[in-house]
Structures are given as structure tokens and as C-alpha cells.
Amino acid sequence: MIIGVLRETHPGEQRVALVPSVCLQLTNKGHSIHIEQGAGLAAGFADAAYEQAGAVVTTKQSVLAAVNVLAHVAVPSPEEIAEYPPGMSVISYVYPRRNPHVVQALANARVNGYALDAVPRITRAQSMDVLSSQNNLAGYKAVIVGANALGRVFPLMMTAAGTVTPAKVLIYGAGVAGLQAIATAKRLGARVEVSDIRPETKEQVESLGAKFITVDGLHDVTVEGGYVAAVRPEVLERQKAAVERVLAEADLVITTALVAGGTAPVLISVDQVALMKRGSVIVDMATDAGGNCALSVADATVEHNGVTIIGSSNLASTVPTHASELYAKNMAAFIAATASETTISTDVADEIVSATLVTLNGEVRL
Ligand code: NAD
């Protein structure tokens, strides 16, 4: 297969879809890699490293003219898609439920699109799971970003000048990002409390040394494929009441709550921000899906009554070296599992192909 990589153009995107070590693995398996000049620079990978790995470093036009399959990171824009040749396949983040216009653009361009974000959460596909690899890094970085914006430190410090008490951190959502945020905040010495509405997260949260905030009625939450699918409004109201005391005392709040590909639940209202301490910080990691705080703005920092609200839609991209290394491994695992002779399989009898193939021969599938 001839696999292409372009320089990412989405604002703020610093990752690259394949790194040199993974290019070497792919070329050793008989694939050819064509990569746009400078595509890996923002992530710390020079053109020479790709050439040493056997890749052809060339212009964007030459990449698009040569390849069968494009490996991509950010959701491609309709303008990018318009440049793709018909018959090509692209493997990328797509978030088809949130981006029907992107899916339609892929269909119009007769490009077969594969959404890596839709890889099913089955054992065979774990090595391809970009949501896990990238959200894990993002959860770590959310704590670092939040700590940096606070006017206080995380750990207990007993000094001759007096004692500094540990920071209080509240985390909404104990999925991949939330669990890493808990572990990172604990390592820095904070006291951590957590709210999630999947009952099984209690044990996971406690195993990391954090406190789980209990809400009655969680048995009413519907979970499908590991994702929260439906929550009754009364449960969210009960949750809001249960968390309010902790929110009012928190120094740092990190929100990671998502529901199955759709709009994120608003868990912190404007009234609740007004209850928070001056100098406290919210890092909202769900702004891509609308945000968990009513006041957060994607990729911007706003202040409300002395509370700093940081909207972070793409924290993984702020650690682009590690993020690209892991993304590229996910990509290579996907290619290994789905490659046919010259392109990616379109056999929808395969569970992984069926779950990820959003457009096929000009038709929208997902
Ligand atoms: P996610 O990104 O969809 O959501 C993040 C968290 O937000 C989840 O824990 C969810 O329960 C929580 N949430 C939703 N509504 C909430 C609310 N109102 N208040 C508080 N929290 C709320 O989830 P994720 O990180 O992708 O993980 C989802 C599940 O999938 C987890 O059980 C995870 O361990 C599992 N998983 C499985 C695999 C695999 O088997 N291959 C891989 C990765 C993750």
C-alpha cells in the first residue's frame, strides 16, 4: 500500500499521523510512505529522520498524487477534503456524529473515510484506540495546565514559615482522561474528589486514592459499549446537588464528561461558578463537544467572578511528540488489521471496518 502523510493544518494541531519509527515498521512490511516536507517538525520529527526510515519526503501535491491511503490526525476540513483525489481512503479522527458536514464532504469527494475515533472497544481493537492513547495524555496535561494557572501549590508543605495545605481538586468523569488526571493530581500531592455516573468507576477512583462522590439513582444510567448513552435529567440534578459542596471548596476543577459521541452534559452552571472560590480554576476538556461548564469557550481562557475557566479541546496536541508516537502506533495497528492489497478493506463483515467506515464509494454509511 502507498500511505501518505500531510502536514496537519487544523489550527493548533501539532501532531503528525506517522512518526519515523512507525514508518520503518510499515516499510519493513512492504508499504511505501510518502510524507509532506515538514509534516513532523512541530512534533519534533525532522524530514531526515523520515528519509532514514525509508519514507519519501515530498510536496503535498506529490503525496496526494501518489497515495492510496492518507493517514491523518485532526478531523479533515471540507477544504482539505476537496483536494483529495477520488478513490483515495483517509484514516483520521472524524467524529461523524458531531461532523455530518465532514462526512458529506468525504462522500462528495468519493473518498472512503475511516473514523479512528469510532474503533470499537473490543479486545482486538485496543491497540488502535486513539481515544484512549490521546485522552490519557490529555488527562495528564489538564492537571499541569490547571496547576500552572493556580496561585497556590498542590502538596502539603510544612515549613518554618507555616503550613501550606494541599490543593483540593475535583474531577468530573473517571474515564480514560479522568483517571489519568486523578493519578497526576495525586502524584502532585492534591486531595482529589471525583464525580462519575457510571457506578463501576467508584472502585477505580478509590484504587487511585481519591474520594468518590456518591449520587443516588445511578442504576438508571444506560451504558453502551463503555460509553454513557442516556441519563435521566433527575439523575443529573441529584448529581449537581451532591457535587456542589465540593465544587464550592475546590481549587482546581477538571471536567472530562462525555456521552456517546454526542453533546457533552453541562455539569457546572453559571450559578455554580458563582459559588466557587476566587482564584480557583476550571479546565474544561469537553469543549469540543460543547463543554461541561456553561461558561467555557473552546481553546480560550475566560474569567468569571475571579474564577479562571480554561477551555481545552486538544490537550494531546500540546504534548505532540508522545501524542504522535502513540497515535502512529494506533494507526499502524489499524492498518495492519484492515489492509488489503492496495488499500484499506471495505468488507463491512469485519467489525472494525464496519464501525469505522463512514463513507463508501460516494455514499454516507455512518
Ligand atoms: P468518555 O470519554 O466517553 O467519557 C468520560 C467519562 O465521563 C466517562 O467515565 C463517563 O462515565 C463520564 N460521564 C458521562 N456523563 C457524566 C456526568 N454527568 N457526570 C460525570 N461523569 C460523566 O469515556 P472514556 O474515557 O472513553 O471511557 C469510557 C469507558 O470505556 C470506560 O469504562 C473505559 O475504561 C472504557 N474503555 C474501554 C476500552 C477497551 O475495552 N478497548 C478502551 C478505552 C476505554
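All values below come from the heavy atoms of this structure, side chains included, with hydrogens, waters and symmetry mates left out. Note that the structure is a prediction, hence the values are computed from the model and not measured.
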Between Leu247 and Val253, is the side chain to side chain contact (heavy atoms under 4.5 Å, CB included) condition met? List the steps. CA-CA 8 Å; Leu247 184 67; Val253 178; 3.8 Å; yes
List the steps, then state whether side chain to side chain contact (heavy atoms under 4.5 Å, CB included) holds for Val130 with Val119. CA-CA 8 Å; Val130 290; Val119 162; over 6 Å; no
Where do Leu366 and Val103 land on the side chain to side chain contact (heavy atoms under 4.5 Å, CB included) test, with the steps shown first? CA-CA 8 Å; Leu366 299 176; Val103 177; over 6 Å; no
For Asp47 and Gln37: C-alpha separation, side-chain torsions, deciding distance, then whether side chain to side chain donor-acceptor pair (under 3.5 Å) applies. CA-CA 6 Å; Asp47 288 349; Gln37 291 147 350; over 6 Å; no
Applying side chain to side chain contact (heavy atoms under 4.5 Å, CB included), run through Lys141 and Val145 and close with a yes or a no. CA-CA 6 Å; Lys141 192 65 193 277; Val145 166; 4.2 Å; yes
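The closest side-chain donor-acceptor pair between Gln180 and Thr184 falls under 3.5 angstrom. Defined by atom type and a distance below 3.5 Å, a donor-acceptor pair is present between the side-chain atoms of Gln239 and Ser195.
To the nearest 0.5 Å, atoms CG (Asn135) and CG (Leu258) are separated by 7.5 Å. Going from atom CE of Met88 over to atom CG of Leu70 covers 4.5 Å, rounded to the nearest 0.5 Å. Atoms OG1 and CD1, from Thr301 and Ile282 in turn, are 11.5 Å apart once rounded to the nearest 0.5 Å. Remark: Glu237 CD to Arg232 CZ distance equals 12.5 Å, nearest 0.5 Å. Taken from CD1 in Ile254 to OG1 in Thr256, the straight-line distance is 9.0 Å, to the nearest 0.5 Å. Here the OG1 atom belonging to Thr165 is positioned 11.5 Å from the CE atom belonging to Met158, to the nearest 0.5 angstrom.
A pairwise comparison of heavy atoms in Ile2 and Val67 identifies O-CB, 3.6 Å as the closest pair. Tyr84 and Pro76 make their closest contact through OH-CB, 3.6 Å (heavy atoms, listed as atom of the first residue, atom of the second, distance). For the residue pair Ser132 and Arg121, the shortest heavy atom distance occurs at OG-NH2, 3.6 Å. In plain terms, the two heavy atoms of Ala17 and His72 that are nearest each other are CB-N, 3.6 Å. In this structure, Tyr95 and Asp288 approach most closely via the heavy-atom pair CE1-OD2, 4.5 Å. Considering all non-hydrogen atoms of both residues, His10 and Ala74 come closest at CB-CB, 3.6 Å.
Contact check for Ile197 versus Val215: no side-chain heavy atoms found under the 4.5 Å cut-off. For the pair Val164/Phe154, no side-chain contact is recorded, criterion being any heavy-atom separation below 4.5 Å from C-beta on. Two residues are said to be in side-chain contact when any heavy atoms from C-beta on lie closer than 4.5 Å; Asn361 and Arg110 meet this criterion. Using a 4.5 Å heavy-atom threshold, the side chains of Val281 and Ile310 count as touching. Under the 4.5 Å side-chain criterion, counting only non-hydrogen atoms from C-beta, Val273 is not in contact with Asn305.
In the hydrophobic clustering of ILVMFWY residues, with side-chain heavy atoms under 4.5 Å counting as a link, Leu295 and Met285 come out apart. Both Ile309 and Val243 sit in one connected hydrophobic cluster of ILVMFWY residues. Membership requires side-chain heavy atoms under 4.5 Å apart, directly or through other members.
In Tyr93, the OH atom is crowded: over 12 heavy atoms of neighbouring residues, nucleotides or ligands sit closer than 6.0 Å. Within a 6.0 Å radius of NE2 in His304, more than 12 heavy atoms belonging to other residues, nucleotides or ligands are found. For CD of Glu200, the number of neighbouring non-hydrogen atoms (other residues, nucleotides, ligands) closer than 6.0 Å is greater than 12.
Between the Thr356 side chain and the Ala115 main chain, no donor and acceptor come within less than 3.5 Å of each other. At distances below 3.5 Å, not a single donor-acceptor pair connects side-chain atoms of Ser354 with backbone N or O atoms of Glu351. Asp196 contributes no side-chain N or O that, together with a main-chain N or O of Thr201, makes up a donor-acceptor pair within less than 3.5 Å. For Glu8 (side chain) and Val73 (main-chain N/O), a donor-acceptor pair under 3.5 Å exists by modelled atom type. A donor-acceptor contact shorter than 3.5 Å is absent between the side chain of Thr287 and the backbone of Gly290. With hydrogens and angles disregarded, a donor-acceptor distance shorter than 3.5 Å links the side chain of Tyr50 to the backbone of Leu18. Side-chain atoms of Ser92 never come within 3.5 Å of backbone atoms of Gly113 as a donor-acceptor pair (strictly under, hydrogens ignored). Not a single donor-acceptor pair under 3.5 Å links the side chain of Asp284 to the backbone N or O of Ser312. Using a distance-only test at 3.5 Å, with no hydrogens or angles considered, no donor-acceptor pair links the side chain of Asn136 to the main chain of Ala177. Panel note: side chain Glu206, backbone Glu203; no donor-acceptor pair is recorded below 3.5 Å.
Arg15 has a carboxylate O that lies under 4.0 Å from a charged side-chain N of Glu13, or vice versa, which qualifies the two as a salt bridge. The existence of a salt bridge linking Asp117 and Arg97 is excluded, since no basic side-chain nitrogen approaches an acidic carboxylate oxygen closer than 4.0 Å.
Just one of Lys277, Lys168, Arg191 meets the side chain to side chain donor-acceptor pair (under 3.5 Å) condition when paired with Asp251; it is Lys277.
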